[in-house]
Undergrad: 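The structure that follows is given in the form of structure tokens.
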Amino acid sequence: MAAEGKRALPPKVAAMKARKRQKTEQPSTAERPAKKAKTGNGRQPVRLDKLPWKDVSMPDRMDDYEGFFGLEEIDDVDVLRDDATGKVSYVTRHEPTAEESDEYESDGEEFTGFGDDEPDVPEPAAVPADEVEVKKNGKEADVPEPASVPADEVKAKKEKKSKAEPKPKEDAKSKAQKSATEKAVAPSAQGAFHGLDAADDDEETDISEWLPLKLSPDTMSALAKLKFAKPSTIQSAAIPEILEGHDVIGKASTGSGKTLAFGIPILERFLEQRSVRQKSERKSPLALILSPTRELAHQLSDHLQALCSNNLFEGPLIATITGGLSVQKQQRQLKDADIVVGTPGRLWEVISDGHGFMDALKELQFLVVDEADRLLSEGHFKEVEEILNVLDRQVTENEDPEPTNNIPQKKKGKNAKDTKNAVQGQRQTLVFSATFDRGLQKKLAGKAQAGGGDLMSNRESMEYLLKKLNFREETPKFVDVNPITQMATGLKEGMIECGGTEKDLYLYTLLLHYRNARTLVFCNSISAVKRITPFLQNLELPALALHSGMIQKARLRSVERFKDTKENKSAPILVATDVAARGLDIPNVQLVVHYHLPRAADMYVHRSGRTARAGQQGSSILICGPEEVNGTRRLIAKVHAKSALGHEDDASVAAKQGYYIRSLDMDRRIVSRLRPRAQLAKKLADMATAKTKKSKEDDFMRAAAEELGVEYDSEEFEKQAPGRQGRGANRKKKEREAADMTKGEAAAMRAELKDLLKQRVNVGVSEKYLTSGRVDIDELLRQQELGQGKTGEFLGSASLGLEDL
Ligand SMILES: Nc1ncnc2c1ncn2[C@@H]1O[C@H](COP(=O)(O)OP(=O)(O)OP(=O)(O)O)[C@@H](O)[C@H]1O
């Protein structure tokens, strides 16, 4: 049966295919909105914001041009002006698509829902359970059951028909079996639909280890498609609690899969309620996910989209609401969204701007606070608090909503606070992070003792969160799956000591040793990112910048380029501020470099957590000036001690408390031979920065002079300007010299640098070789074949003392 089934096209997929064909051949009036009246020449008006605008590629230099949002172009559109009214309209030279026409509600650009938007298709006939096959270690296994629904929950749902899908348990089960059947035969069906590769892929993934979580067949198919064979520890622990309706505080090390720990239960709820939601005239979001940074918000959306985009079911519409993108567009998206992911600032701006969004949030079923310790910390909390107040305030204007399950609620009363609590009756609060430790967020004062008095235990963390958030349960479930360490298990840590003014040189040397590693370099300021990126680029290293001063499109572009894994491309280097420290999930980052010491211990955890993710290996290396060494040691010891102190009975506690990060030796002969090129690269980078700065200052002064009606002469001004002897005068002088460098001088420097980069760095008598870009292994092998350099040893991690990293 299984073999036959694999060749046959399951009815659901066949129906989807037929619908797709029907849609492309001749859309029915039911599927498409009525068209607008045509213009006199037979063409139809379109909305400009609905057209498929194409990005015009811009030189990289424009990335940092503040206020410049890039260019977009469109073909085949004419602008018509009505002479009588003066009104302007736009017409395409082609038949407008549904998206382009005025009535189509969603422009789909940031929405990440998928599937066809057609009405229900008849369900295929149920196939007996004994014909269903789910792989389990190569043997047949049970049919996956849907998440069990308690009887009284079913009753509550029945009574509350308008809110939840009226689906008795038996129905859900038989439907699950039907879908499981589809899933079992789906691989080849998908193959027929999407190409054979997908079919093979799905067949190969044994997802039986997910069975204990009792997820719906649709979700199981989605996981198979992602090739996620088994749940991570936090997923195994948190998903059942969330499915049971509990509030959950989830703590697990970086890169351990926390996103899907809350994403899967949200998808399950969506699937359970989708038909009701589809029929409902007015949509309200099912889940709101708060993220501290824009990049993380987009990534969360991408992860959820990836989970849902398997083309076997219609997934939720996901709206990503972050700064840097059009508010109007985001407001439109919010109207139809099932899941809203956003940064608090922009979210607050969008929802507080009227349009009934506050009202729509009253039916929210999940509130997720990702990277919670940061979002709820001082300085970040204000906008989160505003949003939470709005969510809680809704209920004071509405009757008590019915709880969606039988979870014991906080007691209700008549005062405002108790009325607030009514909303938690239907909203689950899910809070996740790798660090919940307030102590770790304290600035490194230089006096903190390892394992000092600011440790926050799980109990204290809970008290802290209970104060900040209105959970619906008296005691949310605290799921801590990595009580021993917050650091990923595959992470190696080390420190490089260097002179205070030599950090650039040591960074360059380190990056040459890790030439083929995708690397993230963290700095504490935007200006440092702006300086180091061109410095590395001058040295022919593929460096990209990421900081919050960049326009949003440029930020996303940097992350995309950094992720790009095309073969034959050098592994990129992302130079970033802490905007990239939390949550960013970029596969195969092998090295994290802390060019500047992280300001607080939690940042060390999160920065380092960009590598060694999902069970992989990675290294985290701090570059320290002499005065930073002791503080750094204390910081790292503090991170490790805190991890251990919560568990005094653990054997590793003693070792962890005395954690002493190792110093890595760099071969100083190599460093000194790289110095001339690093100095030239730095001078050229400083020149470019100084010239840009000077030109901005000149523009400003010229505008001011124009307003005053006087002439502006920058040299004259420099001579006359008083007070140039004080603090920073030396830096200013250097900046002026750099800015005044002539084109000829710069060209000569560039030529000299180019020559240096071509030369191999030869340490000792043919002992070690280093070319401009990388260890020249080919050349080394060639020489060895020729009998030269037999005793030679090419520069590798061993010479750095990095052999264990
Ligand atoms: N069950 C799974 N099997 C395999 N890979 C998984 C699984 N769950 C998640 N992943 C992958 O693991 C990576 C890390 O997941 P995620 O970004 O959710 O980590 P995180 O715990 O939120 O990390 P951070 O604390 O840094 O935010 C992602 O690439 C994700 O796709």
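Just so you know, residue 1 is the first one in the sequence shown, and it goes up from there. Both ligands and their constituent atoms are indexed starting at 1 by order of listing.
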Undergrad: Give the protein residues with at least one non-hydrogen atom closer than 4.0 Å to an atom of ligand 1, ordered by chain and number.
TA: Trp210, Phe228, Lys230, Pro231, Ser232, Gln235, Ser253, Thr254, Gly255, Ser256, Gly257, Lys258, Thr259, His303, Glu371, Gly583, Asp585, Arg610, Arg613, Ala614
Undergrad: Can you confirm whether the side chains of Arg269 and Gln428 place a donor and an acceptor under 3.5 Å from each other?
TA: yes
Undergrad: Could you list the residues that satisfy side chain to side chain donor-acceptor pair (under 3.5 Å) with Ser256, not counting sequence neighbours?
TA: none
Undergrad: Would you say His298 and Thr322 are linked by a side-chain donor-acceptor pair, where the criterion is simply a distance under 3.5 Å?
TA: yes
Undergrad: Measure the spacing between OG of Ser291 and CD of Glu371 and express it to the nearest 0.5 Å.
TA: 7.5 Å
Undergrad: How would you list, by chain and number, every residue that makes a side chain to side chain donor-acceptor pair (under 3.5 Å) with Ser232, sequence neighbours excluded?
TA: Gln235
Undergrad: Holding to ring pair (Phe, Tyr, Trp, His ring centres under 6.0 Å), I want the full list of residues that pass it with Tyr604, two or more places apart in sequence or in another chain.
TA: His594
